[in-house]
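Below is one structure; the comments refer to it alone.
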There are 2 protein chains.
Amino acid sequence: MDTSEPSPTSRGSYRVYTPESLGAAIRHYRTEAGLSQTQLAEMAGLNRTYLSNLESGKETEQVRRILRVLRQLGVRITLDKADW
Amino acid sequence: MDTSEPSPTSRGSYRVYTPESLGAAIRHYRTEAGLSQTQLAEMAGLNRTYLSNLESGKETEQVRRILRVLRQLGVRITLDKADW
DNA sequence: TTCGGATGTGTCCATATCCAGACATGGTAA
DNA sequence: TTACCATGTCTGGATATGGACACATCCGAA
């Protein structure tokens with residue numbers, strides 16, 4: 001199992017390649033914001049169980065599908081904080 | 001109907017805010033690559049109908065959910081070509 | 001120690017959603 | 001014109017998936 005942090009780029013942004021790396025990035029930004037899963041789930045109108053699974057990269061076949069499309073196109077996905 | 005291009009940034013990358021903008025970006029990169037929906041769907045192991053809907057931003061409640069989470073966290077999503 | 005918060009994880013179930021297939025339309029080439 | 005391709009869109013059905021809820025674990029505070 002990969003317990004490392006999601007690899008940030010030189011400017012603190014995150015590359016997304018897999019559902020797992022997407023989940024890791026979400027978890028990073030959530031904890032950075034000082035929010036619990038319960039709080040963020042409420043803010044986003046989601047179930048906490050879903051958010052837990054999302055952060056773990058589980059049960060996200062849909063995400064995997066979309067990432068497959070983008071990978072085939074050679075498109076890179078980058079996440080970063082808007083207020084930088 | 002919106003026939004405009006998805007708004008590119010100064011460096012040719014695309015910001016994703018909604019399922020619609022995600023779909024528009026995918027369509028842009030697909031046509032740029034000279035691929036038909038059928039071709040890309042086969043390459044990615046998907047149904048063409050799904051890809052058509054994905055590019056139109058339809059039936060993507062899952063994407064909308066995840067985008068809600070990222071928006072609440074103030075996280076920005078950028079797509080760009082890896083070979084630039 | 002106990003207590004509470006945070007998180008992971010399991011089950012059940014209603015429903016969203018993907019796929020297959022068909023059909024219509026618009027464009028283009030012969 | 002006909003023929004073909006790309007795309008949008010609809011239906012039906014099988015399945016994936018999210019929500020609700022419960023429970024266990026871990027950890028820090030009191």
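Scope of the values below: all heavy atoms of this structure, side chains included, with no hydrogens, waters or symmetry mates. By convention in this document, chain letters (A, B, ...) are assigned in the order of the sequence lines, proteins followed by strands, and residues within each chain are numbered from 1.
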Nearest whole Å is fine: how far is [N] [atom2] from [X] [atom1]?
| X | N | atom1 | atom2 | answer |
| --- | --- | --- | --- | --- |
| B/Arg48 | C/dC19 | CZ | P | 12 Å |
| B/Glu55 | D/dT7 | CD | P | 7 Å |
| B/Leu46 | C/dT17 | CG | P | 16 Å |
| A/Leu54 | C/dT9 | CG | P | 14 Å |
| B/Arg27 | D/dT7 | CZ | P | 8 Å |
| B/Lys58 | C/dC18 | NZ | P | 14 Å |
| A/Asn53 | C/dG10 | CG | P | 10 Å |
| B/Tyr50 | D/dT9 | OH | P | 17 Å |

What I'd like to find out is whether the side chain of B/Val69 reaches to under 4.5 Å of the side chain of B/Val75, using heavy atoms alone.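 Of all side-chain heavy-atom pairs linking B/Val75 with B/Val69, none is under 4.5 Å.
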Checking all strands, does A/Ser36 fall into the base, sugar-phosphate, or nothing category for heavy-atom contacts under 4.0 angstrom?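 Result for A/Ser36 = sugar-phosphate.
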Measure from the side chain of [X], starting at C-beta and using heavy atoms only, and say which of [options] lies closest.
| X | options | value |
| --- | --- | --- |
| A/Gln62 | C/dG8, D/dT17, D/dG19 | D/dT17 |
| A/Arg65 | C/dT7, C/dC19, D/dT9 | C/dC19 |
| B/Asn47 | D/dT17, C/dA20, D/dT7 | C/dA20 |

Closer than 4.0 Å, any side-chain N/O of A/Ser52 to the OP1 or OP2 of C/dG8?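 Yes, such a contact exists.
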Look at the aromatic rings of B/Tyr14 and B/His28 and report parallel, tilted or perpendicular, splitting at 30° and 60°.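 Tilted: the ring planes of B/Tyr14 and B/His28 meet at 30° to 60°.
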Check if the side chain of A/Thr49 and the base of D/dC21 share a donor-acceptor pair of N or O atoms closer than 3.5 Å.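 In this structure, the two groups form a donor-acceptor pair.
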Under the 3.5 angstrom rule, does the side chain of A/Ser52 hit a backbone N or O of A/Arg48 as a donor-acceptor pair?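 No, A/Ser52 side chain to A/Arg48 backbone: no donor-acceptor pair under 3.5 Å.
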From CD1 (B/Ile26) to CG (B/Leu54), nearest 0.5 Å: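 Reported to 0.5 Å precision, the distance equals 4.0 Å.
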